[in-house]
Colleague: 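This is the structure I have questions about; it appears just below.
We number each residue from 1, following the sequence as shown. Both counts, for ligands and for their atoms, begin at 1 and track the order of listing.
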Amino acid sequence: MPTLNNPELLRNQAFINNEWFESKSTKTFKVYDPATGEEIIELPDLLPEEIDYAIKVTADAFQTYRHSSAYDRSKWCRNMFDLMTENIEDLATILTWENGKPLAEATGEIKYSASFFEWYAEEGKRVYGSTIQPSNQNNKIITLKQPVGPVGLLCPFNFPSAMGARKAAPALAVGCTTLLKPDAQVPLSSLALGYLAKKAGFPAGVFNVILSSNESTPAAGLKICESPSIKKISFTGSTAVGKILMKQSSSTLKKLSFELGGNAPIIVFNDADIDKAVDQSILSKFRSLGQTCVCANRLYVQSKVYDEFVKKFSAKVEAFKIGNGFDKEVTHSCLIHDRAVAKVVEHVEDAIAKGAKYAVKGGKLPDLGENFYAPTVLTDVTQDMKVSKEETFGPLAAVIKFEERDEALTFANDSEFGLAAYVFTENVNTAWYMGEKLEAGMVAVNVGVFTDAALPFGGVKESGFGREGSLYGMDDYTVVKSIILGDVYS
Ligand code: SIN
């Protein structure tokens, strides 16, 4: 069992109204270490009326918090950044423990997570309105950006700290109060944020974390969607669940931001710097072992460099050291659960049956644990295979050959998803052409990992809408109010 410098960061209760909440629920759920299968902790599965209470607390706190000064909110966000930085070792340990990702990657995630509080501590002071020239000289039009209201933040398993922070930091900076529901598999990083938020100075009721088991999550989600008090939902997760939440939110016409599934293509042109393309593709494909929404899912490589790319890429994959994320030597660890492993196996088997070939065989690693899978690299992949159509969300790299620029473009855009796309080329015209024509919310040129608090992160098509991070991410938590002064010259 890992040890913490500050054991108080590991919590076993929901965080509501700046207190550790005494649930009356007799139902509990357990959080397991995905690497060892061992139980970490048992948590209360909040009762429906307790979710209602948390919504009420969030809504009541908004009435005061909305009028707090931007400078106070900025200070609390900055304190949060400082506290996360001071506690980085413990926060990374908790993250690796519940999610499995290697400790170095977890440490990177905590830095990334904290950077949202740092960035919005600054940007929150710059919520500007405008004065607008009216068609009628006698009127004046002034706009204010006001906080949208109490918000529900529904978070996924793959970034247990950063996804909550990416949603909460802009919301808190502009004066929204927040109700965060972490994924039942990884709630501990969010509870640790609750502990730090109180220390950072956020008033009671402003940052709340509720707890629901996998079984109770749909009912908890429904309550948040249908509550007239919650004015916006930000959700990161699958497109299928996004569609359900959208329907459920329609009765209250909530503002929504959805960051949903992806199926990111990487396109490597003949003129690319191949070593760079290989290194960056490895980072993109295998970050969190393929479990990020922006991980490359399909690698399109132009014919003249195809063989060289596959050889160099495969050699790097074979050099991975797979094991428990707490082992310092380990480069890549486990998937979140056995269903994630099964999906990789399904995509590999489908591709092989349809004619793909192994460049690196990979496969399950039962000696390490049931959630371990050594990465597979496939060549001779075609557009009709599952791996080309669906997001694998795991360590399978599918390499597809193409001849002409527009062929790659057509392949890449042949998807209902449009989150991230990557292009490797030394030709600026190709970079610009692809940047404009790829149907994705984010196009990265010559780089495999690009996320940043300053970046507008989000998708198009069935990858969702709304942006997180950057000034646009803050806009998503505000509404524009117009004030019209009439008859000013009378
Ligand atoms: C995600 O997978 O949703 C987030 C990835 C990132 O922020 O880089």
Side-chain angles (χ1 to χ4, degrees), residues 84 92 95 99-102 104-120 153-170 180-183 185-186 189-190 193 233-242 245 256-266 280-297 332 335-336 340 343 390-395 417-422 440-444 447-470 472-473 476:
M84 290 181 75
L95 205 161
N99 168 282
K101 66 177 73 176
E105 214 173 315
T107 306
E109 179 176 336
I110 300 300
K111 285 187 191 156
Y112 178 45
S113 181
S115 77
F116 288 101
F117 286 101
E118 182 190 38
W119 205 86
Y120 283 108
L153 311 177
L154 310 181
C155 297
F157 78 82
N158 59 345
F159 287 85
S161 179
M163 292 304 95
R166 185 156 84 183
K167 296 175 192 311
L180 191 158
K181 201 205 83 59
D183 185 281
Q185 294 156 114
V186 295
S189 294
S190 299
L193 290 185
I233 288 182
S234 175
F235 167 68
T236 297
S238 73
T239 297
V241 173
L245 296 176
L256 302 170
S257 299
F258 282 175
E259 200 253 280
L260 308 175
N263 183 358
I266 283 190
Q280 295 296 316
S281 300
I282 291 274
L283 291 176
S284 167
K285 174 64 247 182
F286 296 110
R287 179 166 165 240
S288 283
L289 209 61
Q291 299 174 108
T292 88
C293 301
V294 290
C295 277
N297 206 49
H332 296 79
L335 289 162
I336 190 73
K343 184 153 194 204
E390 294 170 23
E391 185 177 35
T392 309
F393 228 61
F417 301 108
L419 190 58
Y422 304 80
M442 299 165 285
V443 178
V447 62
V449 175
F450 56 79
T451 46
D452 188 326
L455 174 90
F457 188 105
V460 295
K461 296 163 69 176
E462 292 202 10
S463 289
F465 42 77
R467 293 293 177 265
E468 295 191 315
S470 82
Y472 302 104
D476 268 17

Colleague: Closer than 4.0 angstrom, basic N to acidic O: yes or no for Glu468 and Lys167?
Modeller: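 So Glu468 pairs with Lys167 through a salt bridge.
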Colleague: Return the option from Arg166, Glu259, Met442 holding the heavy atom at the smallest distance from atom 3 (O) of ligand 1.
Modeller: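 Looking at heavy atoms only, Glu259 sits closest to atom 3 (O) of ligand 1.
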Colleague: Using a 4.0 Å heavy-atom cut-off, which part of Thr292 comes near ligand 1: side chain, backbone, both, or neither?
Modeller: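 Both parts.
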Colleague: So if I count the atoms of ligand 1 from 1 in the order they appear, which ones are less than 4.0 Å from some heavy atom of Cys293?
Modeller: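 Answer for ligand 1: 1 (C), 2 (O), 3 (O).
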Colleague: Which residue and non-hydrogen atom of the protein lie closest to atom 6 (C) of ligand 1, and at what distance in Å?
Modeller: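 Scanning the protein heavy atoms, the shortest distance from atom 6 (C) of ligand 1 goes to Thr451 CG2, 3.3 Å.
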Colleague: Near Tyr112, which atoms of ligand 1 are under 4.0 Å from a heavy atom of that residue?
Modeller: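 Numbered from 1, ligand 1 contributes 6 (C), 7 (O), 8 (O).
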Colleague: Please state which protein non-hydrogen atom is closest to atom 5 (C) of ligand 1 and give its distance, to 0.1 Å?
Modeller: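 Checking every protein heavy atom, the shortest distance to atom 5 (C) of ligand 1 gives Phe159 CE1, 3.6 Å.
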Colleague: Which ligand 1 atoms, with their elements, are less than 4.0 angstrom from a heavy-atom of Arg287?
Modeller: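 Taking each heavy atom of Arg287 in turn, ligand 1 has 6 (C), 8 (O) under 4.0 Å.
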Colleague: Would you kindly specify which portion of Val449 sits under 4.0 Å from ligand 1, judged on non-hydrogen atoms: side chain, backbone, both or neither?
Modeller: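 Answer for Val449: neither.
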Colleague: Backbone N or O of Leu289 within a donor-acceptor pair of the Lys101 side chain at under 3.5 Å?
Modeller: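 Between the backbone of Leu289 and the side chain of Lys101 there is no qualifying donor-acceptor contact (under 3.5 Å).
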Colleague: Are Lys181 and Phe235 in a cation-pi setup, meaning NZ or CZ lies under 6.0 angstrom from the ring centre and within 45 degrees of the ring axis?
Modeller: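 Pair Lys181/Phe235 does not count as cation-pi.
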Colleague: Could you check Asp476 against Ser257 for side-chain hydrogen bond (donor to acceptor under 3.5 Å, both in side chains), going step by step and ending with a plain yes or no?
Modeller: CA-CA 7 Å; Asp476 268 17; Ser257 299; 3.0 Å; yes
Colleague: Going by heavy atoms in the side chains, are Phe457 and Arg166 under 4.5 Å from each other?
Modeller: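 Counting from C-beta outward, Phe457 and Arg166 do come under 4.5 Å.
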Colleague: Would you check the N or O atoms of Asn158, main chain and side chain alike, for any that come under 3.5 Å of an N or O of ligand 1?
Modeller: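 Min N/O separation from ligand 1 is below 3.5 Å for Asn158.
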Colleague: By number and element, which atoms of ligand 1 are closer than 4.0 Å to a non-hydrogen atom of Met163?
Modeller: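 Matching atoms, with element in brackets: 3 (O), 4 (C), 7 (O).
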Colleague: Using every non-hydrogen atom in the two residues, find where Gln185 and Phe157 come nearest and quote the distance to one decimal.
Modeller: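 Scanning both residues, the minimum pair turns out to be NE2-CB, 3.9 Å.
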Colleague: What distance do Met163 atom CE and Asn158 atom CG have between them, rounded to the nearest 0.5 Å?
Modeller: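 Nearest 0.5 Å value for the CE-CG distance: 6.5 Å.
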